[in-house]
Amino acid sequence: VADSSPVPVVLYSVPANTGLELPMDAVVELCQHPNILGLKDSGGDITRIGLIVHKTEAQDFQVLAGSAGFLMAAYCVGAVGGVCALANVLGQELCELERLCKSGHWEEARVLQQRLIEPNASVTRKLGVPALKQAMEWFGYHGGACRSPLQLLTEAETQQLRRDFSTNGWL
C-alpha cells in the first residue's frame, strides 16, 4: 500500500475494533519505509507507545495517540500529537492540553486531562459514534444522522452522555 500511495501512510493500531494489535516488530520494520509517516495507536498501552517512540526515534516517524483519554500520558512518553474523536467536539481544549504538555505545565495539563476522560469514553467506547454526533450538535457543530446499522441514542444514553459532559464542566 505504501509503495502505491500518492500520499504518506499512517499505520493504525486499534485492537478494540480489530481484535489484534499491530506487532511491535512490524511497526519498527515498517517505519523504515519512506512513505510511512507514522502510527496512530488507539490501544492505550502507554508503555507500548513509549517503546515505539524509543525504537523508531532514529527514523522520521511520528507516533500519535489514538484517544483523548490518554493524550497527556502519550505526550509524556514522546508522542507528537493525537488523532482523537473528542477533537470533533472539544478541539480547542485538546489543543490547550498539547500546549500545556509541551510547555511543561504538568499540573494544569493533568487537571484538564482528567476532565476529558469521561466525555471521551462516552463518545468512543461507551456510546460511540451516535454519542459523538449528538455531542457535536450540542456544541454547535453538524453531527448529522447516523448511518445504518448505527441507531440514535436512547433517552437513557442521551442523559448519560449529558452527565459525562456536564459533570466535567463542558455543558
Backbone of T56 reached by a side-chain donor or acceptor of Q59 within 3.5 Å: no
In one Ile/Leu/Val/Met/Phe/Trp/Tyr side-chain cluster, 4.5 Å: I117, L112: no
Would you tabulate the side-chain donor-acceptor contacts of residues 64-93 under 3.5 Å, counting partners in other chains and residues two or more places apart, or write 'none'?
{"from": "S67", "atom 1": "OG", "to": "G69", "atom 2": "N", "distance (Å)": "3.1"}
{"from": "S67", "atom 1": "OG", "to": "N120", "atom 2": "ND2", "distance (Å)": "2.9"}
{"from": "N88", "atom 1": "ND2", "to": "A85", "atom 2": "O", "distance (Å)": "2.9"}

Nearest-0.5 Å distance that lies between atom CD1 in I52 and atom OG in S13: 7.0 Å
Side-chain donor-acceptor contact under 3.5 Å, R163 with Q160: yes
Same cluster (ILVMFWY, side-chain, under 4.5 Å), V53 and L51: yes
hydrophobic_cluster_shared for L37 and V63, side chain cutoff 4.5 Å: no
Atom CG of D60: over 12 foreign heavy atoms under 6.0 Å: no
Hydrophobic cluster identity match, I49 and L30, side-chain contacts under 4.5 Å: yes
Would you mind writing out the side-chain donor-acceptor pairs for residues 130-142 within the sub-3.5 Å range, not counting sequence neighbours?
{"from": "K133", "atom 1": "NZ", "to": "G143", "atom 2": "O", "distance (Å)": "2.8"}
{"from": "E137", "atom 1": "OE2", "to": "G143", "atom 2": "N", "distance (Å)": "2.8"}
{"from": "E137", "atom 1": "OE2", "to": "G144", "atom 2": "N", "distance (Å)": "3.1"}

side-chain contact (heavy atoms from CB on, under 4.5 Å) between L161 and V123, intermediate numbers included: CA-CA 8 Å; L161 179 65; V123 301; 4.1 Å; yes
Beyond-backbone contact of K126 with D164, side-chain heavy atoms, under 4.5 angstrom: yes
Neighbour count >12 (heavy atoms, 6.0 Å) for atom CZ, R99: yes
Check: E118 main-chain N/O paired with N168 side-chain donor or acceptor under 3.5 Å: no
Under 3.5 Å donor-acceptor, S5 side chain and V1 backbone: no
Nearest heavy atoms of L20 and T18, plus distance in Å: O-OG1, 2.8 Å
Crowding at CD, E57 (>12 non-hydrogen neighbours, <6.0 Å): yes
Linked, directly or transitively: M24 and I36 (ILVMFWY side chains, under 4.5 Å): yes
P23 to R48 - nearest heavy-atom pair and separation: C-NH1, 4.4 Å
Contacts of type side chain to side chain contact (heavy atoms under 4.5 Å, CB included), residue S4, not counting sequence neighbours: none
More than 12 heavy atoms of other groups within 6.0 Å of L171 CG: yes
Nearest-0.5 Å distance, OG of residue S122 to CG of residue L127: 5.0 Å
For R110, the option from E107, Q113, E108 that meets side-chain hydrogen bond (donor to acceptor under 3.5 Å, both in side chains): E107
